[in-house]
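Following: one structure in structure tokens, then a few remarks.
Note that the coordinates shown come from a computational prediction; the quantities given were computed from them, not determined experimentally.
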Number of protein chains: 2
Amino acid sequence: MEARIEKIKQQLQSQGYKLTPQREATVRVLLENEEDHLSAEDVYMLVKEKAPEIGLATVYRTLELLSDLHVVEKMNFGDGVARYDLRNDNNTHHHHHLICVQCGAVDEIMEDWLTPLEERLEKEFHFKVIDHRLDFQGICHRCNKKDK
Amino acid sequence: MEARIEKIKQQLQSQGYKLTPQREATVRVLLENEEDHLSAEDVYMLVKEKAPEIGLATVYRTLELLSDLHVVEKMNFGDGVARYDLRNDNNTHHHHHLICVQCGAVDEIMEDWLTPLEERLEKEFHFKVIDHRLDFQGICHRCNKKDK
DNA sequence: CTCCGTGCAAATAGTTTGCACTTAC
DNA sequence: GTAAGTGCAAACTATTTGCACGGAG
């Protein structure tokens, strides 16, 4: 955890930004809730527990900054709220989402299933892929069980 | 085109809704711009050309209704604007998006590449897929050419 | 001293809602 | 006549911005 903060600090500094206490608190919240897909408001409330004087605008600005640096990914699941996901070490994003339409849970699949498709895209469509996003909507295994 | 409007009319009526002139004008705009991914505001401006007395709220309400009936799909590409896409005849949604990060164009691939993955999801993850969404971000073939 | 970063409040953008009026059956 | 649908304006929500202040080098 400390190592990851250190790395993010260096990424910021290499672009001329500082890891201020507010930014660090925000990053820590993201690290501690890596499974979840927090909204800016979620992050704000969690950061407030540690650093009550922080402002919502700062959280937005920090998330925006981290998003520009590809430290987090900004994402939108269709409920008018942006959600933020820490990217992994090489700042790529290769996981897929399983969104349960019944309970709203968002699970992740950490494998990348799309590499063959991306190759096909470049060959057949001359589209150079930089990133992708794959979400499945359906009923998760927990709700499947409950329904029986 | 008329046949498709007729079909949508029946879908509405089967749920107790009417195809009012405003709703019809909205559907026509969607049909005429099926390639594009129009925002509510886009639809509003296009509808206004034919039916200047229509209100923006009505367009929103119509799109919401059509979305509930799975006639259109409401979608979000990350630029804080909801976009609406007509679904195809059986109201399923099996196409993928190629989003160009340079010129902003959104192209579509009409094939469904994911059936094998969905089968795997149900078997390995016990996740029952209802729908999916696959977007690729990258450089489109037009921009690729221009850059040379 | 200078500049970056911050908190607060005000502004903005997209969307939704309340309400009185209209329209189709 | 009743209920669904509409236009308008006001409300609301998420996010952004302007600005004066605070702190590190």
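In this structure, the side chain to side chain contact (heavy atoms under 4.5 Å, CB included) partners of A/Gln15, at least two apart in sequence or on a different chain, are A/Tyr17, A/Leu69. Every side chain to side chain contact (heavy atoms under 4.5 Å, CB included) that B/Leu19 has, sequence neighbours left out, goes to B/Ile5, B/Lys9, B/Leu12, B/Arg23, B/Glu24. For B/Glu119, the side chain to side chain contact (heavy atoms under 4.5 Å, CB included) partners at least two apart in sequence or on another chain are B/Thr115. Contacts of A/Ala25 classified as side chain to side chain contact (heavy atoms under 4.5 Å, CB included), with partners at least two apart in sequence or in another chain: A/Val47.
For the OP1/OP2 pair of D/dG5 and a distance below 4.0 Å, the side-chain nitrogens and oxygens of B/Thr20 include no atom meeting the criterion. Using a 4.0 Å cut-off, some side-chain N or O of B/Thr58 falls inside it from OP1 or OP2 of D/dG7.
Ion pairing between B/Glu2 and B/Lys7 fails under the 4.0 Å rule for side-chain N and carboxylate O. Between B/Glu32 and B/Lys50 there is a salt bridge, since a side-chain N of the basic residue sits under 4.0 Å from a carboxylate O of the acidic one. Salt-bridge check for A/Asp135 with A/Arg133: passed, with a basic side-chain N closer than 4.0 Å to an acidic carboxylate O.
Atom CG of A/Leu19 and atom P of D/dG25 are 13 Å apart (whole Å). In this structure, A/Leu65 atom CG and D/dT15 atom P are separated by 17 Å, rounded to whole Å. A straight line from CG of A/Leu63 to P of D/dT17 spans 15 Å, rounded to a whole angstrom. C/dA24 atom P lies 10 Å from atom CD of B/Gln22, rounded to whole Å. We find that CG of B/Asp79 is positioned 14 Å from C1' of D/dT15, with the value rounded to whole Å. To the nearest angstrom, P of C/dC8 lies 10 Å from CD1 of A/Ile54. As a whole-Å value, the separation of B/Glu24 CD from D/dG5 P is 15 Å. Between B/Asn76 atom CG and D/dT13 atom C1' the separation is 14 Å, expressed in whole Å.
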Listing time: all N or O pairs from protein to nucleotides 13-23 of chain C that are below 3.5 Å?
from	atom 1	to	atom 2	distance (Å)
C/dT15	OP1	B/Ala82	N	2.8
C/dT15	OP2	B/Tyr60	OH	2.5
C/dT15	O5'	B/Tyr60	OH	3.2
C/dG18	O6	B/Arg61	NH1	3.4

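End-to-end axis angle for the helix from C/dC1-D/dG25 to C/dC25-D/dG1, using five pairs per end and rounding to 10°, comes out at 10°.
The shortest non-hydrogen separation linking B/His132 to A/Phe136 is CB-CD2, 3.6 Å.
Proximity of the aromatic rings of A/His37 and A/Phe77 is defined here by a centroid distance below 6.0 angstrom, and this criterion is met.
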